[in-house]
Amino acid sequence: MIAATQDPFVVEKIGLTVFGNEYAEVPVSWGLDDLVFARARAAAGATPLRRIAYAKGAFDAYYHPKPSLFRNEREELSNLVRQIAGNAGCERYVVVTRGQGMLPGTNLPLRGLGILNRGVGPINYSFLYAYVGVTVFDGQTFEIRKGPGVTLEGVMKHMADNFVQDEHLRKVDNSLFPAAAAEASSNTTLRDNIREFLTERLDKILPPYFAQ
């Protein structure tokens, strides 16, 4: 198992126009990848699970690629996992990375784990967001294996859940949004809230991958 959400926590301000937007990736030491592995181990149950370590910076090029018109993210990730795995000899590799989505009602991307504040003046709202991706690789070929089977029941439930509320977002009090992005790293309340939210997301999405 490779846990690669890594350390950046995003602090994002979204105004009425792009000129009012602010974005910062703040290095934090909140044990997020340790949490990812712990929840994966819980989801795995009796299935043996081994954590594969990797060098610092191994995912830098994947998360911050050079501009390209023909980027193949799946191939990049497959090659990276093959390199990290080395001679580990596992039957399969479950890889958890930062994911990406869109802020509802906009074309603005949201990546990984973070907090955003949207609005101007006294009319503004704050949300935590947690986007993570799970990819399973064959241990011999490093080809991406099919994800959990999609059922009509599962699709309908997903649609119903999202109709009520976007599952990647959690509204929080504005007091949780840091006055300066750098202050996020020392905010223990913010840390505890994102860890709780990430746990909730992982406990929902990971179990089907170990039930195959």
Side-chain angles (χ1 to χ4, degrees), residues 2-40 42 54-67 73 95-134 161-162 164-206:
I2 299 174
T5 58
Q6 303 190 310
D7 295 332
F9 181 79
V10 178
V11 177
E12 196 162 1
K13 174 71 176 177
I14 300 174
L16 290 179
T17 69
V18 295
F19 300 105
N21 294 353
E22 300 176 10
Y23 178 95
E25 291 187 1
V26 182
V28 296
S29 300
W30 294 347
L32 299 177
D33 276 341
D34 293 338
L35 176 60
V36 169
F37 179 70
R39 300 324 303 161
Y54 53 87
K56 184 178 180 179
F59 282 84
D60 287 357
Y62 176 74
Y63 284 132
H64 298 285
K66 295 179 180 179
E73 289 189 45
V95 183
V96 178
T97 54
R98 298 199 295 271
Q100 178 173 312
M102 304 293 287
L103 180 64
T106 76
N107 61 352
L108 295 173
L110 299 176
R111 302 181 179 89
L113 307 171
I115 186 170
L116 69 89
N117 178 269
R118 186 181 188 188
V120 176
I123 305 176
N124 64 95
Y125 304 92
S126 297
F127 297 85
L128 292 175
Y129 59 85
Y131 289 91
V132 292
V134 182
D161 289 345
N162 284 346
V164 177
Q165 178 181 350
D166 189 307
E167 61 187 358
H168 302 93
L169 299 173
R170 173 182 286 181
K171 189 176 180 181
V172 294
D173 191 86
N174 283 335
S175 63
L176 201 59
F177 191 83
E183 296 177 4
S185 61
S186 58
N187 188 325
T188 56
T189 304
L190 182 56
R191 176 201 64 196
D192 293 346
N193 272 264
I194 194 62
R195 283 177 60 89
E196 179 187 352
F197 189 25
L198 178 58
T199 297
E200 177 185 298
R201 295 290 303 126
L202 293 169
D203 287 351
K204 182 173 183 178
I205 64 177
L206 281 173

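For Tyr54, the ring-ring contact (aromatic ring centres under 6.0 Å, His included) test picks out Phe59, with sequence neighbours left out. With sequence neighbours left out, Glu196 forms a side-chain contact (heavy atoms from CB on, under 4.5 Å) with Arg170. Contacts of Tyr131 classified as ring-ring contact (aromatic ring centres under 6.0 Å, His included), with partners at least two apart in sequence or in another chain: His168. Listed by chain and residue number, Ser175 satisfy the side-chain hydrogen bond (donor to acceptor under 3.5 Å, both in side chains) test with Asp173 (two or more places apart in sequence, or in another chain). The side-chain contact (heavy atoms from CB on, under 4.5 Å) test applied to Asp34 returns Arg51, not counting sequence neighbours. Partners of Ser126 under the side-chain contact (heavy atoms from CB on, under 4.5 Å) rule, at least two apart in sequence or in another chain, are Asn117, Val172, Asn174, Phe177. Residues meeting the salt bridge (Lys or Arg N to Asp or Glu O under 4.0 Å) test with Asp33, sequence neighbours left out: none. Partners of Glu183 under the salt bridge (Lys or Arg N to Asp or Glu O under 4.0 Å) rule, at least two apart in sequence or in another chain, do not exist in this structure. Contacts of Pro109 classified as side-chain contact (heavy atoms from CB on, under 4.5 Å), with partners at least two apart in sequence or in another chain: Gln100, Met102, Arg111. Partners of Glu12 according to the side-chain hydrogen bond (donor to acceptor under 3.5 Å, both in side chains) rule, which considers only residues two or more places apart in sequence or in another chain, are Tyr129. For Asp203, the salt bridge (Lys or Arg N to Asp or Glu O under 4.0 Å) partners are Arg39, not counting sequence neighbours.
Contact of the Val10 side chain with the Ile115 side chain is not registered, since no non-hydrogen atoms from C-beta on lie closer than 4.5 Å. By the 4.5 Å heavy-atom criterion applied to side chains, Leu128 and Leu190 are counted as neighbours. Using a 4.5 Å cut-off on side-chain heavy atoms (C-beta onward), Val95 and Val134 make no contact. Taking the side chain as every heavy atom from C-beta outward, Lys13 and Arg118 never approach each other to under 4.5 Å. Looking only at side-chain heavy atoms (C-beta outward), Leu198 and Leu35 come within less than 4.5 Å of each other. Contact check for Thr199 versus Phe197: no side-chain heavy atoms found under the 4.5 Å cut-off. Between Thr97 and Val132 there is no side-chain heavy-atom pair separated by less than 4.5 Å.
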(request) Quick one: do Tyr62 and Asp60 satisfy side chain to side chain contact (heavy atoms under 4.5 Å, CB included)? Show the steps, please. (result) CA-CA 5 Å; Tyr62 176 74; Asp60 287 357; over 6 Å; no

(message) Walk me through whether Leu116 and Leu110 qualify under side chain to side chain contact (heavy atoms under 4.5 Å, CB included).
(response) CA-CA 9 Å; Leu116 69 89; Leu110 299 176; 3.8 Å; yes

(request) Would you please test Thr106 and Ile14 for side chain to side chain contact (heavy atoms under 4.5 Å, CB included) and show each step? (result) CA-CA 11 Å; Thr106 76; Ile14 300 174; over 6 Å; no

(message) Under the criterion side chain to side chain contact (heavy atoms under 4.5 Å, CB included), I'd like the reasoning laid out for Asp7 against Leu32: C-alpha separation, chi angles, the key distance, then a yes or no.
(response) CA-CA 7 Å; Asp7 295 332; Leu32 299 177; over 6 Å; no

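The nearest pair of heavy atoms linking Pro8 to Arg98 is CD-NH1, 3.7 Å. For Gly119 against Asn124, the heavy-atom pair with the smallest separation is CA-CB, 3.8 Å.
Applying the 6.0 Å contact sphere to OH of Tyr125 captures no more than 12 heavy atoms from other residues, nucleotides or ligands.
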Would you give me the side-chain donor-acceptor pairs under 3.5 Å for residues 23-31, sequence neighbours excluded?
from  : atom 1 : to     : atom 2 : distance (Å)
Tyr23 : OH     : Glu25  : OE2    : 3.0
Trp30 : NE1    : Ser185 : O      : 3.4

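Once rounded to the nearest 0.5 Å, the distance linking CG of Leu206 with CZ of Arg201 reads 10.0 Å. Within the model, atoms CD1 of Ile205 and CD of Glu167 stand 8.5 Å from one another, a figure rounded to the nearest 0.5 Å. Atom CZ of Arg195 and atom CD of Glu200 lie 14.5 Å apart (nearest 0.5 Å).
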